[in-house]
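This structure is a prediction, so every number in the text was calculated from the model and none was measured. Atoms within a ligand are numbered from 1 in the order they appear, just like the ligands themselves. Starting from 1, each residue takes its place in the sequence as its number.
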Amino acid sequence: MADSNLSIKGLRAGYGNLDILNGVDLDIPAGQFVALMGPNGAGKSTLLKTLYGMTTVKEGSIDWRGEDIAASKSRAILGEGISFVPQGRCNFPVMTVDENLQMAAYTIRDAKVKADRDYVYDLFPILKTRRSTLAGNMSGGEQQLLEVAMAVLQRPKVLLVDEPSVGLSPAAIGIVFDELLRLHADGMTILLVEQNTKKAMEVAQRAVILRLGKVIWDGTPEDITHDELGELFLTGKMRGELEAAH
Ligand SMILES: Nc1ncnc2c1ncn2[C@@H]1O[C@H](COP(=O)(O)OP(=O)(O)OP(=O)(O)O)[C@@H](O)[C@H]1O
Ligand SMILES: [Mg+2]
């Protein structure tokens, strides 16, 4: 559906006087699964935060369903169908899974809290079995699933997810990515920031690489060669990791 494209044009944004994004152009068609990659400090999190109204936009536009949301506040953006799972842990650790989902439901106007929770328990059966467990006592993978579930409770059209695999075991990474793939199969548009390039390339339909606040590569994962990826990242650490993976 052309009208639910997310279309970013000439976006310059950052924190106060500091510009981090230096003219980002990116069109994301409805239903696409996009992996956003790039070296540390490239501006990946800043781009997600900007889409979610959390930075200062200086120039450019973010067109979402015919409206420029570049100056909108997070609450309004959430209401328009864009949900955000930030980098790092972002649950309420001394509340149970159930209570965390209740907290997430408070942000929904006319929330039918029970129905909303049942909806995510159907989507994430693992969480249903842990509903009375304190979030902070769960494994990292389970907590990451809870955080995705809290965002999905809003029934978004677009899900922004920042580095969900950090600190997780390979098995937990597999579970989180399987859930993202399932949401995508149900029609959700996903913009995923991921340092685990190998995993990201497996799940995403499109790879976008950001460096110094600009998109420097955009294409399908099949189109990018191993050497190109190493060159594009241009950090010894990343290149070493890639070599180790092959
Ligand atoms: N709240 C903030 N205030 C000022 N500068 C910030 C803030 N958050 C991030 N920055 C700076 O913005 C730049 C880009 O950071 P960002 O977090 O977007 O990078 P990233 O690509 O997500 O990196 P990483 O892979 O390490 O998560 C960095 O130089 C960072 O120090
Ligand atoms: Mg980041």
Side-chain angles (χ1 to χ4, degrees), residues 6 8-26 28 33-60 62 69-75 77 82-91 140-141 143-144 147-148 150-151 158-168 172-173 176-177 180 190-204 206-219 221 224 228-242 244-245:
L6 188 60
I8 302 164
K9 287 200 177 66
L11 194 61
R12 192 160 66 83
Y15 307 95
N17 291 328
L18 182 67
D19 287 350
I20 302 298
L21 303 179
N22 295 302
V24 170
D25 291 302
L26 188 62
I28 303 178
F33 193 146
V34 180
L36 182 63
M37 298 177 290
N40 297 119
K44 305 179 297 294
S45 296
T46 303
L47 178 55
L48 295 198
K49 285 190 265 179
T50 302
L51 293 173
Y52 202 61
M54 294 168 68
T55 67
T56 313
V57 176
K58 316 284 180 50
E59 245 177 62
I62 304 169
I69 57 165
S72 300
K73 300 258 188 295
S74 304
R75 179 68 191 85
I77 293 169
I82 299 179
S83 269
F84 178 40
V85 185
Q87 191 169 350
R89 290 276 76 89
C90 56
N91 57 51
Q143 290 189 51
Q144 188 65 56
E147 288 152 15
V148 172
M150 288 166 77
V158 178
L159 186 64
L160 311 171
V161 194
D162 200 350
E163 308 262 18
S165 73
V166 168
L168 303 191
I173 293 174
V176 170
F177 276 72
L180 292 178
I190 298 181
L191 181 55
L192 165 76
V193 171
E194 187 49 66
Q195 287 285 14
N196 185 335
T197 47
K198 192 163 175 280
K199 198 74 201 165
M201 298 292 212
E202 275 170 32
V203 294
R206 176 174 168 198
V208 172
I209 299 178
L210 206 65
R211 182 148 56 92
L212 298 173
K214 274 200 155 89
V215 173
I216 55 159
W217 200 91
D218 185 351
I224 195 162
E228 268 179 330
L229 198 56
E231 282 305 315
L232 291 170
F233 277 87
L234 277 178
T235 69
K237 179 172 174 282
M238 188 70 68
R239 208 177 289 179
E241 278 172 8
L242 280 165

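- Of all the atoms in ligand 1, the ones that sit under 4.0 Å from a non-hydrogen atom of N40 are 23 (O), 24 (P), 25 (O), 26 (O).
- The two residues Q195 and G38 have their closest heavy-atom pair at OE1-O, 3.7 Å.
- In terms of heavy-atom proximity, G213 sits nearest to L210 at C-CD1, 4.4 Å.
- Closest approach of L180 to P164, counting heavy atoms only: CD1-CG, 4.4 Å.
- Of the candidates T46, L212, D19, V193, the one placing a heavy atom closest to atom 16 (P) of ligand 1 is T46.
- Each of the following atoms of ligand 1 lies closer than 4.0 Å to a heavy atom of E163: 25 (O), 27 (O).
- Taking 2.8 Å as the threshold, S45 counts as a candidate ligand of the Mg ion (ligand 2), since one of its N, O or S atoms lies below it.
- Closest to atom 25 (O) of ligand 1, if we only count protein heavy atoms, is K44 NZ, 2.7 Å.
- At least one N or O atom of G41, backbone or side chain, sits closer than 3.5 Å to an N or O atom of ligand 1.
- Atoms of ligand 1 found under 4.0 Å from any heavy atom of K49 (numbered from 1 in listed order, with element): 8 (N).
- Ligand-side atoms of ligand 1 in range of Q87: 27 (O), range being under 4.0 angstrom from any heavy atom.
- Ion pairing of K44 with D162 is absent here, as no side-chain N (NZ or NE/NH1/NH2) approaches a carboxylate O to less than 4.0 Å.
- The two atoms that bring L192 and V203 nearest to each other are CD2-CG2, 4.3 Å, heavy atoms only.
- If you check which protein heavy atom lies closest to atom 5 (N) of ligand 1, you get Y15 CD1, 3.5 Å.
- The nearest protein atom to atom 17 (O) of ligand 1, hydrogens excluded, is given as S45 CB, 3.6 Å; this is a heavy-atom distance.
- Residues Q144 and V85 approach most closely at NE2-CG1, 3.7 Å, considering heavy atoms.
- Residue F84 holds its CZ atom at 7.0 Å from NZ of K49, rounded to the nearest 0.5 Å.
- Of all atoms in ligand 1, listed by their number and element, those nearer than 4.0 Å to a heavy atom of A42 are 19 (O), 21 (O).
- Counted within 6.0 Å of NZ on K58, heavy atoms from surrounding residues, nucleotides or ligands total more than 12; the atom is thus considered enclosed.
- Q87 lies close to the Mg ion (ligand 2), since one of its N, O or S atoms is found at a distance under 2.8 Å.
- I62 CD1 to I77 CD1: the interatomic distance, rounded to the nearest 0.5 Å, is 7.0 Å.
- At under 3.5 Å, not a single nitrogen or oxygen of G38, backbone or side chain, sits near a nitrogen or oxygen of ligand 1.
- Of the heavy atoms in I20, only side-chain atoms (C-beta onward) come closer than 4.0 Å to ligand 1.
- Counting only distance, with no hydrogens or angles, the side chain of T55 and the backbone of Y15 share no donor-acceptor pair below 3.5 Å.
- Of all heavy-atom pairs between D218 and V215, the closest is CB-CG1, 4.3 Å.
- Heavy atoms of P39 come nearer than 4.0 angstrom to ligand 1 in at least one pair.
- The nearest protein heavy atom to atom 27 (O) of ligand 1 is closer than 4.0 Å.
- Near Q195, meaning under 4.0 Å from one of its heavy atoms, ligand 1 places the atoms 25 (O).
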